[in-house]
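Structure, as structure tokens:
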Amino acid sequence: MSSSSGQTTQFRYTQTPSKVLHLRNLPWECTEEELVELCKPFGRIVNTKCNVGANRNQAFVEFADLNQAISMVSFYASSSEPAQVRGKTVYIQYSNRQEITNNKSSGDVAGNVLLVTIEGVEAGDVSIDVIHLVFSAFGFVHKIATLRKLLGFRYISALIQFSDAETASAARNALDGRSIPRYLLPEHVGSCHLRISFSAHTDLNIKFQSHRSRDYTNPYLPVNASAIEGTVQPVLGPDGKKKEPESNVLLASIENMQYAVTVDVLHAVFSAFGAVQKIAIFEKNGGTQALIQYPDITTAALAKEALEGHCIYDGGYCKLHLSYSRHTDLNVKRPRLHDPETGILPLQQGPGGAAHAAPGWQSPSSATAYPGAPPADRQMPPWDMSGMHPAAGRPPYGMAPSSGGFPSQGYPPPPPPPPASSGIPTQQYQYPPGGPRPASSADHPQGVSQQLPPPPPPPPYGRPTAQVVSQPPVYY
DNA sequence: AGCACA
């Protein structure tokens, strides 16, 4: 077979009409405007692709309708005057594709901020420090923000800001589709793949150093004890629809309250999402309602999302309906601190969890101690390396560290470790025989059951419950 | 002068 026959067949099928036209012999770096000027007499142009080919002198034009493309091709086929741009003859044929596979989709426009999703892991599995470690191999990571996702979904997403698009591209090219090294992951994680595209962001607005967000360029940024950062997500929904005004205080209506719901119970439930600052229970319209105050809106939103419609107890008992309160700071009139000696602490010191959740509950002063005031004398590395493989300090994948290296100094200590998902009130509570059982996953909508904190115990027998008090009892 | 992008 001669080698030339393959080349001729390559162009034979270009006679098949398409609403996409292929234009060649264009002047060098012909503009889209020139292209449109040439083609628009024949129909409505819906897409173009200019400066194609090694010489950047080819282009594609897509008409809204096939007939429009046909009219242009047949016009110039029978015209004595060839199509011209800047005096140069332009050759026009039907493209061998039926549509322009689009100009770069948004995620492919290189920028300095990457949108990373880590598939196959949950919120507690990959710390922001691990993410930082992995991406620092390619250059100085300025900021990281993990996106607010409903806990329990099998992926994490984060925005990672580099200084420039080149660095970000290098990280993307090297890591897209790859996995985070096993030694940086908890045992239980199976496969874990990175999917990386470019974000349209250029500068992330990080408000706090927390386990959800970091600004490695600003050592003075306050540390947020609740460890839930607040501001990367737009307030508007994806469709631009306005959401109800958010608040750091949730209003909970408790339906079908067959069992006592005390402040302790509510604290146990709501602390799983962040430090609960104040709780008030009161009667309204014959029903029981409660106000739960978090330090910030994001935490409240997280709790609201996760708990809405769920029952504290199995069997549809004490179903929660959550909305945002108009309050932002509850006016607590009759503070009643829990005395540790009475043994009625709402939370045991669960593994890793209650340690920082409890203070905000027992003592209002300690609740405000964390935000904005990291203890200056605390000597800690910029991130918690505990539990990491010793090799974790080196860039993964054998990459040479960037010239910037790791920002290993000058940053504030990290917030206290977040309650690991496994450490969220996995208590220790005895459910009394015959008492309500924890709500089973069958009660929950799909996918959400895992992060619903285990229900707290029914209150001890004989203890007065909150809902029978006619005056609104208010507690810290 | 002869078909891109993922």
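Letters A, B, ... mirror the listed sequences (proteins, then strands); counts begin at 1.
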Round to the nearest Å and state the distance from A/Leu35 atom CG to B/dA4 atom C1'.
13 Å
Can you tell me the distance, in whole Å, between the CD1 atom of A/Ile100 and the P atom of B/dC3?
16 Å
Once you round it to whole Å, what is the distance between C1' of B/dC3 and CD of A/Gln98?
13 Å
Tell me what A/Glu99 touches on the nucleic acid: a base, only sugar-phosphate, or nothing, going by heavy atoms under 4.0 Å.
base
Can you measure A/Arg172 atom CZ to B/dA6 atom P for me and round it to whole angstrom units?
8 Å
If you compare all heavy atoms of A/Glu62 against all heavy atoms of A/Ile100, which two are closest, and at what distance to 0.1 Å?
OE1-N, 2.8 Å
Rounded to the Å, how far apart are A/Glu62 CD and B/dA4 C1'?
13 Å
Tell me whether the side-chain N/O atoms of A/Gln58 come closer than 4.0 Å to OP1 or OP2 in B/dA4.
no
Identify whether a stacking contact exists between A/Phe60 and B/dA4, where the ring centres must be under 5.5 Å apart and the planes under 30° apart.
yes
Can you tell me if A/Asn57 uses its side chain to pair, donor with acceptor, with the backbone of A/Trp28 under 3.5 Å?
no
Going by atom types only, do A/Glu255 and A/His321 share a side-chain donor-acceptor pair under 3.5 Å?
yes
Could you state the atom-to-atom distance from CZ of A/Phe198 to P of B/dA6 in whole Å?
11 Å
Answer with yes or no whether the side chains of A/His142 and A/Asp203 bring together a donor and an acceptor at under 3.5 Å.
no
Heavy-atom nearest nucleotide on DNA chain B for A/Val52 versus A/Lys88: which residue maps closer to 5'?
A/Lys88
Whole-Å gap separating P (B/dC3) and CG (A/Asn25)
13 Å
Distance check needed: B/dA4 P versus A/Asn96 CG, whole Å only.
8 Å
